[in-house]
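Hydrogens, waters and symmetry mates play no part in the numbers below; they use all other heavy atoms, side chains included. Not measured: the values here are computed from a predicted model.
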Amino acid sequence: MASFRFHLRPSQRKGQYPALLFVRIIHQRKYKDLRREYALYPHEWDATSHTVCLCQADPSRLQYLKDLQEQMQKELCQLEQVTDLLSQKQEYSIREIIEHFHALQGEHTLSGFCRTLSKELAEAGRSRTARAYVSAVRSLIGFRNGKDLSLSEINHRLIRSYEHYLLEKGLQMNTISFYMRNLRTLYNKAVAARMIPARQNSPFAEVFTGVYQTRRRSLDTAEMNTLYQLQQKLYRQIHTIQNSSSSESLRRDPYYQRLSRLQEALMYFMFAYHSRGMSCIDWPI
């Protein structure tokens with residue numbers, strides 16, 4: 001018979017940072033950790049009883065912790081239901097437990113839908129897109145203090161509050177747009193799959209989903225002229241040292257070696273500039 005117990009995985013960052021819960025599933029002397037998107041601070045967790053600690057809870061988080069405790073009990077019951085179902089078979093694996101658990105939870109949660117879609121994308125060789133979806137969903141769930149949400153809960157008020165949260169964190173507009181575009185794609189796919197009804201106005205209509213024009217980081221004419229002058233100065237210095245030294249002494253001269261490496265780096269830079277961004281793999285070296 002399989003056993004289940006919640007654990008808290010401490011944050012690797014120093015200081016008081018929230019950590020994520022996971023369920024350790026033990027079956028036939030093997031175990032696997034099932035990650036859950038629920039965040040807790042270390043003082044909010046009782047490692048002895050493996051439960052949420054409410055006695056030292058901040059009043060602003062008390063309701064969240066109570067809801068989380070209820071959700072944990074619900075998920076443990078679901079896992080028990082899965083094992084009762086699978087026990088009708090002679091043998092079953094931890095993988096089957098997890099698959100049945102996800103099916104029992106349903107795909108109508110944002111994380112569940114993202115998980116299903118990401119798996120399909122990864123199998124189709126689109127791992128980068130899958131990671132982008134996961135990153136956006138994880139950010140939104142982080143905004144909700146680790147609490148998942150149903151697809152039907154995505155509305156104008158939630159998305160605008162989420163954008164304000166990202167702005168307060170100091171994120172750049174293009175980063176915010178990255179999250180919003182990926183969440184919008186997930187939402188539209190859920191609508192197309194008839195998992196949620198289509199709304200007249202998109203929940204993302206009032207948030208930024210474009211591309212913000214950042215300051216150009218290219219060198220100006222004066223800076224390029226400085227580099228040209230440096231290139232000529234290096235050439236003269238190296239040529240002077242070469243004429244006054246033997247090849248053996250040049251190999252032992254650290255100053256000459258530094259000048260040579262600088263000249264070589266500058267030469268490659270100038271070539272890249274004049275070749276209008278030719279890929280390094282195509283350079284004739």
Please examine the side chains of [Y] and [X], heavy atoms only from C-beta on, and report whether any two atoms are closer than 4.5 Å.
X      : Y      : value
Leu76  : Phe6   : yes
Tyr273 : Leu219 : no
Asp33  : Arg9   : yes
Ile154 : Leu183 : no
Lys189 : Phe113 : yes
Tyr92  : His100 : no
Arg236 : Lys233 : yes
Phe271 : Met267 : no

Could you see if [X] belongs to whatever hydrophobic cluster contains [Y]? Use Ile, Leu, Val, Met, Phe, Trp, Tyr and a side-chain cutoff under 4.5 Å.
X      : Y      : answer
Leu149 : Tyr162 : yes
Tyr235 : Leu227 : no
Ile26  : Ile98  : no
Leu65  : Tyr41  : no
Leu20  : Leu8   : no

Tell me the closest heavy-atom pair linking [X] and [Y], and the distance in Å.
X      : Y      : value
Ala130 : Ala122 : CB-N, 4.5 Å
Leu151 : Ala190 : CD1-CB, 3.8 Å
Leu250 : Ser245 : CD2-CB, 3.8 Å
Pro10  : Ala19  : CA-CB, 3.8 Å
Gly210 : Ser177 : O-OG, 2.6 Å

Going through the distances and angles, do Gln71 and Asp148 end up as a side-chain contact (heavy atoms from CB on, under 4.5 Å)?
CA-CA 10 Å; Gln71 180 64 23; Asp148 201 357; over 6 Å; no
Below 30° counts as parallel, above 60° as perpendicular, anything between as tilted: where do the rings of Phe22 and His7 land?
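Phe22 and His7: parallel rings.
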Do side-chain atoms of [X] reach the backbone of [Y] as a donor and acceptor pair under 3.5 angstrom?
X      : Y      : result
Glu168 : Tyr165 : no
Ser139 : Ser135 : no
Ser118 : Arg115 : no
Glu223 : Asp220 : yes
Thr209 : Arg181 : no
Arg61  : Tyr64  : no
Glu163 : Phe208 : yes
Ser87  : Asp84  : yes
Ser161 : Arg157 : yes

Nearest 0.5 angstrom please: [X] [atom1] to [Y] [atom2], how far?
X      : Y      : atom1 : atom2 : result
Asn155 : Phe204 : CG    : CZ    : 10.0 Å
Leu166 : Met173 : CG    : CE    : 9.5 Å
Ile94  : Gln28  : CD1   : CD    : 8.0 Å
His43  : Cys53  : NE2   : SG    : 8.5 Å
Ser93  : Glu99  : OG    : CD    : 7.0 Å
Leu234 : Gln263 : CG    : CD    : 6.0 Å

How far apart are the C-alpha atoms of Gln78 and Glu75, what are their side-chain angles, what is the distance that settles it, and do they pass the side-chain contact (heavy atoms from CB on, under 4.5 Å) test?
CA-CA 5 Å; Gln78 288 176 332; Glu75 293 191 1; 4.1 Å; yes
So with a 6.0 Å cut-off around [atom1] of [X], is the heavy-atom count from everything else above 12?
X      : atom1 : result
Arg126 : CZ    : no
His274 : NE2   : yes
Tyr31  : OH    : no
Glu91  : CD    : no

Ignoring hydrogens and angles, state whether a donor on the side chain of [X] or [Y] is under 3.5 Å from an acceptor on the partner side chain.
X      : Y      : result
Gln69  : Gln73  : no
Ser202 : Arg184 : no
Asn225 : Gln229 : no

Step-by-step side-chain contact (heavy atoms from CB on, under 4.5 Å) determination, His50 to Arg24:
CA-CA 11 Å; His50 298 273; Arg24 175 155 292 174; over 6 Å; no
Does Lys66 come within less than 4.0 Å of Glu70, counting only side-chain N to carboxylate O?
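Looking at Glu70 together with Lys66, the answer is no, because their closest N to O distance does not fall below 4.0 Å.
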Between Phe101 and Leu34, is the side-chain contact (heavy atoms from CB on, under 4.5 Å) condition met? List the steps.
CA-CA 10 Å; Phe101 173 69; Leu34 176 62; 3.7 Å; yes
Scan Gln242, Arg261, Arg251, Gln237 and name whichever one has a side-chain hydrogen bond (donor to acceptor under 3.5 Å, both in side chains) with Tyr256.
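Filter result, single survivor: Gln242.
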